[in-house]
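In listed order, ligands and their atoms are each counted from 1. Since we're looking at a predicted model, the values are computed, not measured.
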Amino acid sequence: MVAMVDTMSINVSLQDVAALYHTPLLDLLFEAATVHRKHNDPSEVQVSTLISIKTGACPEDCAYCPQAARYQTDVDVHKLMELDQVMAKAREAKAAGSSRLCIGAAWREVKDNKDFDRVLEMVTEVNSLGLEVCCTLGMLSETQAQKLADAGLYAYNHNLDTSSDYYDEIISTRNYQDRLDTLAHVRKTGVTVCSGGIIGMGETDDDRIGLIATLCNLEEPPESVPINALVAVEGTPLEDQKPVAIWDMLRMIATVRVLLPKTVVRLSAGRNDMSATDQALCFLAGANSIFAGDKLLTTPNPDYGDDKALFELLGLRPKEAEPTEVPVDLANACV
Ligand code: SAM
Ligand code: DTB
Ligand code: SF4
């Protein structure tokens, strides 16, 4: 059995992760639930709302993604949203009980231009509403990460997606080290790191184990790890992938929970195809965050009403927001 680790940097071998991952499922679930209850309030779930501020026409070739320009998908392509449209969505998300707004853009990388300036404004304004703000904008430099930090960013999402070995099968337009570099840039700024992956893309158990080991062995592991089940979208190269079995989601969530006791583990894409029972098992296994609202970025998700009913049924409550405190001079500065 792998020792529970509670420190900033952990060093875990592939063999240790594999031993845990392959533990008989009920034993693994029991261990993860025990760790979760020891380190977290199991009735508290962090709720984020996703908003796609720039959709589709992405130059990258991520095989899972409906937003890649090169695939024929049914995505409603749009340029960068206006600030007031984002603020309207943010108010709606807050009223529905979300503590965080996650702003996503179908960009390969952040560029120093007017669009980025507008995103910085969005971060400042949404943060001042009392919501935590997360961005997922693709690759960025340390200077750009610092600008986001100064604007009041709480978290930056940048998924490693899978193991370094399997990465090239899924994406050819950037490499694993590019992803790791962006995570390191974010880490230097004090913005919290959100990084996880997707299962159901044809990867092996060893690839899943490799992904978990890489996340754990980062200089400082992520504060938040999203586990996505592939949403197989028509027109993408992965459109014919079989649905992910709940048992696989549970193994991923439970393994991450045991290795990273205090990290927020997000039950991310794929909830739309899960029963209430499936989701209850994920919360038992240590998941303590979800995306709420009827859309993820471009695909369907349970609506706020569904999740309110689920939380009542399971005795869960949404976690309060802890927005970033921005120094007054920075909050008032032009960005
Ligand atoms: N373009 C930026 C990037 O790639 O980092 C940000 C947006 S991108 C859509 C954010 C993440 O969504 C991806 O890294 C991937 O993990 C997840 N994602 C995209 N399409 C998905 C799908 N069909 N099923 C599950 N997760 C998906
Ligand atoms: C994450 O790990 N999952 C979210 C968020 N971070 C950006 C995105 C899921 C996208 C699912 C496909 C879509 O809706 O386009
Ligand atoms: Fe573009 Fe991000 Fe989709 Fe890849 S995952 S195609 S980078 S939007």
Side-chain angles (χ1 to χ4, degrees), residues 48-71 73-78 80 100-111 119 133-140 155-162 166-167 170-176 178-183 185-186 193-203 211 215 222 224-241 243-244 249 252-253 256 264-273 287 289-302:
S48 297
T49 292
L50 265 174
I51 164 173
S52 182
I53 55 167
K54 184 267 168 181
T55 305
C58 182
E60 298 284 86
D61 69 352
C62 313
Y64 48 75
C65 187
Q67 301 198 64
R70 64 194 76 202
Y71 312 137
T73 60
D74 200 12
V75 159
D76 184 15
V77 175
H78 66 77
L80 188 65
R100 184 178 298 184
L101 191 74
C102 182
I103 292 175
W107 287 335
R108 166 182 164 77
E109 68 215 314
V110 171
K111 300 206 170 103
V119 172
V133 193
C134 173
C135 279
T136 181
L137 312 170
M139 296 183 278
L140 41 67
Y156 195 79
N157 166 250
H158 199 65
N159 291 333
L160 291 178
D161 285 336
T162 188
Y166 197 59
Y167 200 78
I170 299 297
I171 298 151
S172 75
T173 47
R174 56 169 190 260
N175 61 42
Y176 214 63
D178 292 330
R179 290 307 260 192
L180 292 167
D181 289 348
T182 289
L183 293 181
H185 297 153
V186 174
V193 169
C194 172
S195 187
I198 309 177
I199 62 169
M201 303 192 295
E203 75 286 345
L211 166 68
L215 291 169
S224 153
V225 173
I227 308 292
N228 295 277
L230 175 75
V231 181
V233 178
E234 206 180 318
T236 62
L238 297 183
E239 64 182 359
D240 291 327
Q241 284 297 314
V244 169
M249 270 315 256
M252 285 299 288
I253 291 168
V256 174
V264 172
V265 180
R266 184 168 299 117
L267 170 56
S268 302
R271 280 200 312 122
N272 211 41
D273 297 318
S289 173
I290 57 167
F291 286 117
D294 59 5
K295 217 174 187 190
L296 290 166
L297 289 170
T298 66
T299 62
N301 193 49

Chemist: Excluding waters, which protein N, O or S atoms are within less than 2.8 Å of atom 1 (Fe) of ligand 3?
Modeler: Cys58 SG
Chemist: Does any part of the side chain of Val225, heavy atoms only, come nearer than 4.5 Å to the side chain of Ile227, both counted from C-beta?
Modeler: yes
Chemist: What residue and atom, counting heavy atoms only, is the protein's closest point to atom 21 (C) of ligand 1, and at what distance?
Modeler: Tyr64 CD1, 3.7 Å
Chemist: Residues in side chain to side chain donor-acceptor pair (under 3.5 Å) with Thr173, at least two apart?
Modeler: Glu60, Asp61
Chemist: Mark yes when over 12 heavy atoms from residues, nucleotides or ligands other than Glu239 sit less than 6.0 Å from its CD; otherwise mark no.
Modeler: yes
Chemist: Tell me the nearest of Glu239, His158, Arg179 to atom 4 (O) of ligand 1, using heavy-atom distances.
Modeler: Arg179
Chemist: Less than 4.0 Å is my threshold; does some heavy atom of Ala229 fall inside it relative to ligand 1?
Modeler: yes
Chemist: Within the structure, is a non-hydrogen atom of Gly104 found at a distance of less than 4.0 Å from ligand 1?
Modeler: no
Chemist: Determine whether the side chains of His158 and Ser195 contain a donor N or O and an acceptor N or O closer than 3.5 Å.
Modeler: no
Chemist: Considering only protein heavy atoms, which is closest to atom 11 (C) of ligand 1, and at what distance to one decimal place?
Modeler: Asn159 ND2, 3.8 Å
Chemist: Quick one: list whatever passes side chain to side chain donor-acceptor pair (under 3.5 Å) with Thr298, sequence neighbours left out.
Modeler: none
Chemist: So which bit of Lys54 gets within less than 4.0 Å of ligand 3, heavy atoms only: side chain, backbone, both or neither?
Modeler: neither
Chemist: Hey, is the main chain of Pro66 close enough, under 3.5 Å, to the side chain of Thr73 for a donor-acceptor pair?
Modeler: yes
Chemist: In terms of atom number and element, which parts of ligand 1 are under 4.0 angstrom from non-hydrogen atoms of Ala269?
Modeler: 25 (C)
Chemist: Taking the side chain as every heavy atom from C-beta outward, state whether Cys135 and Asn157 have any pair of such atoms under 4.5 Å apart.
Modeler: no
Chemist: Tell me the protein heavy atom at minimum distance from atom 24 (N) of ligand 1, and give that distance in Å.
Modeler: Val231 N, 3.0 Å
Chemist: Spell out, as yes or no, whether a donor-acceptor pair under 3.5 Å connects the side chain of Arg266 to the backbone of Ser224.
Modeler: no
Chemist: Donor-acceptor pair, distance only, cut-off 3.5 Å: does the side chain of Asn301 make one with the backbone of Lys295?
Modeler: no
Chemist: Considering only non-hydrogen protein atoms, determine which one is nearest to atom 14 (O) of ligand 1 and report residue, atom name and distance to 0.1 Å.
Modeler: Asp161 OD1, 3.4 Å
Chemist: Look at atom 1 (N) of ligand 1 and say which protein heavy atom is nearest, naming residue and atom and giving the distance to 0.1 Å.
Modeler: Trp107 O, 3.1 Å
Chemist: Could you walk me through whether Tyr167 and Glu203 pass the side-chain contact (heavy atoms from CB on, under 4.5 Å) check?
Modeler: CA-CA 10 Å; Tyr167 200 78; Glu203 75 286 345; over 6 Å; no
Chemist: Which one of Cys62, Ala105, Gly196 has a non-hydrogen atom at the shortest distance from atom 7 (C) of ligand 1?
Modeler: Ala105
Chemist: Would you say the side chain of Trp107 lies within less than 4.5 Å of the side chain of Met139, judging by non-hydrogen atoms?
Modeler: no
Chemist: Please report the shortest heavy-atom distance between Tyr71 and Cys65, naming the atom on each side.
Modeler: CD1-O, 3.4 Å
Chemist: Can you pull out the closest protein heavy atom to atom 9 (C) of ligand 1? Residue, atom name and distance to 0.1 Å, please.
Modeler: Leu297 CD1, 3.4 Å
Chemist: Which heavy atom of Cys58 sits nearest a heavy atom of Arg108, and at what distance?
Modeler: SG-N, 4.2 Å
Chemist: Using a strict 4.0 Å cut-off to heavy atoms of Tyr64, name the atoms of ligand 3 that fall inside it.
Modeler: 5 (S)
Chemist: When you measure from atom 10 (C) of ligand 1 to every protein heavy atom, which one gives the shortest distance, and what is it?
Modeler: Thr136 OG1, 4.0 Å
Chemist: So which heavy atom in the protein is nearest atom 27 (C) of ligand 1, and how far is it from that ligand atom?
Modeler: Ile198 CD1, 3.7 Å
Chemist: Is there a side-chain contact between Arg174 and Cys62 (heavy atoms, below 4.5 Å)?
Modeler: yes
Chemist: Under 4.0 Å from a heavy atom of Gly138: which atoms of ligand 1 are those, numbered in the order shown and with their elements?
Modeler: 2 (C), 5 (O)
Chemist: Search all heavy atoms of Leu211 against all heavy atoms of Thr162 and return the closest pair with its distance.
Modeler: CD1-O, 3.5 Å
Chemist: I'd like to check atom 6 (S) of ligand 3 in this structure: does the protein have a heavy atom lying under 4.0 Å from it?
Modeler: yes
Chemist: Under the 3.5 angstrom rule, does the side chain of Asp273 hit a backbone N or O of Gly270 as a donor-acceptor pair?
Modeler: no
Chemist: Under a 3.5 Å threshold, yes or no: a donor from one side chain and an acceptor from the other, between Asp161 and Tyr64?
Modeler: yes
Chemist: Measuring from each atom of ligand 2, which residues have a heavy atom under 4.0 Å away?
Modeler: Leu50, Pro66, Thr136, Asn157, Asn159, Pro226, Asn228, Phe291, Leu296, Leu297, Thr298, Thr299
Chemist: Leu160 versus Leu215: any side-chain heavy-atom pair under 4.5 Å?
Modeler: yes
